[in-house]
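One structure is given below, encoded as structure tokens.
We're numbering straight along the sequence, starting at 1. The figures that follow rest on heavy atoms only: side chains count, while hydrogens, waters and symmetry mates do not.
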Amino acid sequence: MTSPDNSKIRTIPDGKICDFIDGKLRKDTPEEYVRQNIERRLVLELHFKPDQIAIEFPIKVGSSTKRIDIAIFKEDDQHVQENIWIIIECKRDNIPPSDAKDGVGQLQSYLAACVNSEYGMWTNGKFKEVYRKASVAGRIEFEEPNDIPGADGNTEFIDRPTREKLNQATDDNLLFSFKICHNHIYVTDGLQKQPAFFELLKVIFCKIEDERNIPNELNFFAKAEEKGSGDGRLTVKNRISRIFDQVKTKYPAIFKANDEINLDPRSLAYIVGELQRYSFLNTQIDVKGKAYEEIVGANLRGDRGEFFTPRNIQRMCIEMLDLKQGEKILDPACGTGGFLVIAMNEIIEDLKAKGGGYGDAYADALRDQIKVVASSSFFGFDINPDLVKATKMNMVMNNDGAGNILRNDSLLHPHEWPSEFRDELAKRIGVKPASLRTENDLAHFDVIATNPPFGSKLPINDQQTLRQYDLGHVWDQAKDGTWTQTTSVAKSQPPEILFIERCYQLLKSEGRMAIVLPDAILGAPGLGYVRHWILEKMRLVASVDLHSDAFQPRNGTQTSVLLLQRKSSTELIREKTQSSWNDYEIFMAQNRAIGHDKRGNKIFLRNDDGQELFFDSPDVVELSVNANGEAAKRALPRQKILNDDTPKIAEAFVQWKSEVILGW
């Protein structure tokens, strides 16, 4: 994180936010969270000028005065009730559209009271309704388009977008869309959370496949009139089903040939209409990642110690690992694939930076090289088949590196691996399947980044599994404190301890890994043998003590990140000969701010008086282009500063590493 210019820092009272449009301080409430995301979408995605938008705009409804959450006017129109063009009402997520007081009926009454208003939108971040007011035979009727128009008033892109008109999602608006779609399936199709998620997954695959199908026109769309009739909905379903046929052909490891989209045509048409405006390929990785991983976690989180790593911790780990082109990178407990997606985009951005200066003649070559890198450098294993499928989706959404995500129990002895996993892995790392026979045959990866499942409720007690690990045996401690491995196999062992050794086995000589571990491994007296084994086999490069709320609100386990480097055989022999470990420097840091509290709410920087800080943003947004091709621009409003020091830790490590000889 770059520290802001102190001259531009301001303070904001506790419990307040700075409105994106008018800069006024407003109460930080669930409704306001929804409204601020919508405001940013209006400016950053739909290109309205801020002076076209009024917040808390008063109108007359009968003899009463009401306030519209967001009123939008056409450019240069005076801000009076008669000129309101679009009305938006934002509610907290526990208010349903059918609510008698604050539901869509309220929005429709406001539209009726504003004689020249044309469009209205009601949303609570989980459900969304859009209306277009029309006069039929002297009475008001409400049509249901896919969305409100953009600043130019053009409604064609609403029904059938083109690639150049697709929006990059901002803030949590893509997350809103995912939640809206998932809840629609849950309610309309009567599916439980997990089946509903996988039906949504199929549709997302279709969206991405359609975007990739250049130069053909986009076919992932549902027109408003199609959504409004039975025949039209069937037309949409047939159109999307044809795209899904292409998806099944392209991803046979994810979908079976006889798979279908099992959604009611009405439901499918609604979801397509909600998602069609976004570019999944061009939206920033962090926006996509947060939206996707949050909805995956809400629907696929199991009971196997699956507590997905926050993205800021993942990014810190990847930056500290300092990835290189051509390296093979693995997460043997990949969950939703967050480590791999961040790693893949780090490598690809580096590739673009190095190959972007050669002009259009090299553009195709660069794209081909990105495809090679995405398909050959990133590997993930997970025991949960649902998470394997979810990770593949995450990789597809971020440069299509899904081919090396495989289902397997990473702790099994290699001779117990399913033949299909062994054959597929051998093919992808370029060895013969027969060569992967024992735990000593696995050292094929340069880098590992992982957060293994941990906890005493998940003991590994299979003797065949335990026998292949030094740490699966009983250890004795002598009076002088030294530890010695015995020939006896332990009765059981928590998975995180075995994962340390499995990661070591998977690393090449001098390969490196970042692993999230419970603090008990680093300090509990009875686990001294684990620490002894780690220091004997690997160099401890760095230890980062994570904040106590790092995995809250779902898990309060105290954890740390260890950055370890596998010792070479030469180094192991030298240390054995000298009967001591080499002396070296270790980078140590304490993560004092993680950016959220125990409930998962964001935490921002405060001054000594406890007031939150916000600062003038150096970023500007392009609002419109005039007839001369000149862009009107506006600085983004002041913003709070997230209280997260993981970027500073990574930055400090990189600086430290430049002064210490590590060999990478």
One pair to check against ring pair (Phe, Tyr, Trp, His ring centres under 6.0 Å): Y33 and F176. What are the steps and the verdict? CA-CA 11 Å; Y33 162 69; F176 284 175; 5.6 Å; yes

For [X], give me all partners under side chain to side chain contact (heavy atoms under 4.5 Å, CB included), at least two apart in sequence or on another chain.
X	answer
P58	T65, R67
I603	D597, N643
T155	Y119, P149, I158
R277	R41, K128, D147, N167, S177, E274

For the residue pair [X] and [Y], establish whether any side-chain heavy-atom pair is separated by less than 4.5 Å.
X	Y	value
Y292	L175	no
L166	N282	no
N451	I313	no
M395	L340	yes
I342	R311	yes
I95	W122	yes

Contacts of N312 meeting side chain to side chain donor-acceptor pair (under 3.5 Å) (sequence neighbours excluded), chain-then-number -> D644

Report the residues that fulfil side chain to side chain donor-acceptor pair (under 3.5 Å) with E211, sequence neighbours left out, ordered by chain and then residue number.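 Partners of E211 under the side chain to side chain donor-acceptor pair (under 3.5 Å) test: K207, S279.
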
Is [X] salt-bridged to [Y], going by a charged N under 4.0 Å from an acidic O?
X	Y	value
D19	R26	yes
E226	R239	yes
E260	K202	no
K27	E32	no
K91	D99	no

So, does [X] use its side chain to make a donor-acceptor pair with the main chain of [Y] at under 3.5 Å?
X	Y	value
D189	L191	no
N394	T336	yes
T283	F280	no
T123	F127	yes
Y270	I185	no
N345	V341	yes
E39	I70	no
K66	V61	no
D22	A54	no
H596	D549	yes

Is atom CG of N216 surrounded by more than 12 heavy atoms (other residues, nucleotides or ligands) closer than 6.0 Å?
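Result for CG/N216: enclosed.
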
Discussion item. More than 12 heavy atoms of other residues, nucleotides or ligands under 6.0 Å from CD of E164: yes or no?
Written reply: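 Yes, because the 6.0 Å sphere around CD of E164 holds more than 12 heavy atoms from other groups.
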
Between [X] and [Y], which heavy-atom pair has the shortest distance, and what is it?
X	Y	value
V130	N146	CG2-O, 4.1 Å
E346	I318	CG-CG2, 3.8 Å
P310	A550	CG-O, 3.2 Å
S117	C114	OG-O, 2.7 Å
A374	M344	CB-SD, 3.9 Å
G23	C18	O-SG, 3.5 Å

Sequence-distant partners of [X], salt bridge (Lys or Arg N to Asp or Glu O under 4.0 Å), two or more places apart:
X	result
E31	R92
E141	R139
D28	K640
E143	R132

Let me confirm one number: the [atom1]-[atom2] distance from [X] to [Y], rounded to the nearest 0.5 Å.
X	Y	atom1	atom2	result
I240	I261	CD1	CD1	7.0 Å
K290	D172	NZ	CG	3.5 Å
I17	T29	CD1	OG1	7.0 Å
D77	E82	CG	CD	11.5 Å
C334	I405	SG	CD1	5.5 Å
I243	N213	CD1	CG	8.0 Å

Exactly one of E45, Q284, R40 clears side chain to side chain donor-acceptor pair (under 3.5 Å) with T170, and that residue is E45

Hey, what's the ring geometry for F73 with H79, parallel, tilted or perpendicular (30° and 60° as the breaks)?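 Answer is parallel, since the angle falls under 30°.
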
Check: Could you walk me through whether D69 and E56 pass the side-chain contact (heavy atoms from CB on, under 4.5 Å) check?
Finding: CA-CA 5 Å; D69 288 339; E56 299 288 346; 4.3 Å; yes

ask   = Going by the ring pair (Phe, Tyr, Trp, His ring centres under 6.0 Å) test, which pairs reach into residues 214-252, not counting sequence neighbours?
value =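 Residue pairs with at least one partner in residues 214-252: F205-Y251, F244-F255.
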
Next item on the list: Go through the steps for M121 and I86 under the test side-chain contact (heavy atoms from CB on, under 4.5 Å), then give the verdict.
Entry: CA-CA 8 Å; M121 184 172 79; I86 303 171; 5.9 Å; no

Please walk me through it: do Y131 and V104 pass side-chain contact (heavy atoms from CB on, under 4.5 Å)?
CA-CA 10 Å; Y131 297 101; V104 296; 3.8 Å; yes

(Q) The test is side-chain contact (heavy atoms from CB on, under 4.5 Å); show your working for F20 and L42 and say whether it passes. (A) CA-CA 11 Å; F20 182 80; L42 292 173; over 6 Å; no

So salt bridge (charged side-chain N to carboxylate O under 4.0 Å, His left out) across residues 243-254, not counting sequence neighbours, yields E209-K250, D245-K248

